[in-house]
Amino acid sequence: KTLRRNRGKQKTPSIICLLLFLTFALCGCQHTTPQVDGLPYQISKEGRWGIISVEGKLLTDTIFLAQPSAVVNGRFTVSDSTGQLQLFDISQPEKPLSANTYYRIGHFFAPVTWAQSTPGSTPLLINKQGCIIPSQHSHYDIARVHNFREGRALIVTQQGKYGYLNEKGQ
């Protein structure tokens with residue numbers, strides 16, 4: 001009987017410790033999810049496009065001649081007449097944020113993202129205004145870059161090595 005009582009008393013603190021650990025582990029992991037503000041929809045068979053919210057409400061009266069990207073954290077891209085991408089803000093969709101155009105632009109899951117000016121060119125770090133941010137990554141010979149998450153972006157070099165760069169390009 002003495003052994004059974006001691007075992008029972010030892011299980012209770014273990015269960016409480018386990019529950020406390022799980023509570024802290026689950027509450028302490030705060031993952032921010034990117035905000036998808038809008039999605040493209042085709043207005044006509046002639047290739048005219050608009051943007052609606054994820055709830056189905058019209059976000060802009062602006063009509064685009066090319067399909068816009070999804071609107072992530074207020075930013076989206078649309079191809080110009082040459083096929084280059086321009087960056088837009090959903091609050092002012094009539095005009096691009098900058099004169100810069102890009103071959104490829106990542107989604108703005110963070111305050112910065114990656115862009116390429118031409119196919120095969122070294123990825124550039126740009127801010128939400130479409131301006132290039134000087135960075136220190138040029139000596140890495142980067143082949144591919146993934147979108148930022150928790151302040152870092154996974155990179156792959158031409159030599160097949162993997163690494164991370166922060167939002168400052170370091």
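What you are looking at is a predicted structure, and each value in this text was computed from that prediction instead of being measured.
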When rounded to the nearest 0.5 angstrom, what is the spacing between [atom1] in [X] and [atom2] in [Y]?
| X | Y | atom1 | atom2 | result |
| --- | --- | --- | --- | --- |
| Leu87 | Ser98 | CG | OG | 6.5 Å |
| Thr60 | Gln92 | OG1 | CD | 11.0 Å |
| Leu85 | Ser117 | CG | OG | 12.0 Å |

*asked:* Applying salt bridge (Lys or Arg N to Asp or Glu O under 4.0 Å) as the test, list every pair that has at least one member in residues 92-111; sequence neighbours left out.
replied: none
_Side-chain heavy atoms under 4.5 Å apart, restricted to Ile/Leu/Val/Met/Phe/Trp/Tyr: what other residues fall into the cluster of Trp49, or is it alone?_
Ile51, Leu59, Phe64, Val71, Phe76, Val78, Phe88, Ile90
Between [X] and [Y], which heavy-atom pair has the shortest distance, and what is it?
| X | Y | answer |
| --- | --- | --- |
| Phe109 | Asn73 | CA-ND2, 3.9 Å |
| Thr62 | Pro93 | OG1-CG, 3.6 Å |
| Pro68 | Pro40 | O-CG, 3.3 Å |
| Ser121 | Gln116 | O-NE2, 2.7 Å |
| Gly130 | Asn100 | O-ND2, 3.0 Å |
| Ile155 | Tyr164 | CG1-N, 4.2 Å |

*Assess whether side-chain contact (heavy atoms from CB on, under 4.5 Å) is satisfied between Leu65 and Arg48, documenting all intermediate values.*
CA-CA 5 Å; Leu65 299 177; Arg48 303 214 183 261; 2.6 Å; yes
Only counting residues at least two apart or in another chain, list the ones meeting side chain to side chain donor-acceptor pair (under 3.5 Å) with [X].
| X | value |
| --- | --- |
| Thr101 | none |
| Thr77 | Ser69 |
| Ser79 | none |

Do [X] and [Y] have side chains that approach each other closer than 4.5 Å (heavy atoms only, starting at C-beta)?
| X | Y | value |
| --- | --- | --- |
| Ile126 | Thr113 | yes |
| Glu167 | Phe148 | yes |
| Trp114 | Leu125 | yes |

Any sub-3.5 Å donor-acceptor pair from [X]'s side-chain atoms to [Y]'s backbone N or O?
| X | Y | answer |
| --- | --- | --- |
| Asn127 | Val112 | no |
| Asp89 | Arg75 | no |
| Gln42 | Ser44 | yes |

*Decide whether Leu39 and Leu58 are clustered together by the hydrophobic rule: side chain heavy atoms of Ile, Leu, Val, Met, Phe, Trp, Tyr closer than 4.5 Å, transitively.*
no
*Any link between Val36 and Ile52 through a network of hydrophobic side chains (Ile, Leu, Val, Met, Phe, Trp, Tyr) touching at under 4.5 Å?*
no
*asked:* So, using salt bridge (Lys or Arg N to Asp or Glu O under 4.0 Å) as the criterion, who are the partners of Asp80 when residues are at least two apart?
replied: none
*asked:* Could you go through Gln84 and Thr82, starting from their C-alpha distance and side-chain angles, then the distance that decides it, and tell me whether this counts as side chain to side chain donor-acceptor pair (under 3.5 Å)?
replied: CA-CA 6 Å; Gln84 290 286 95; Thr82 66; 5.7 Å; no
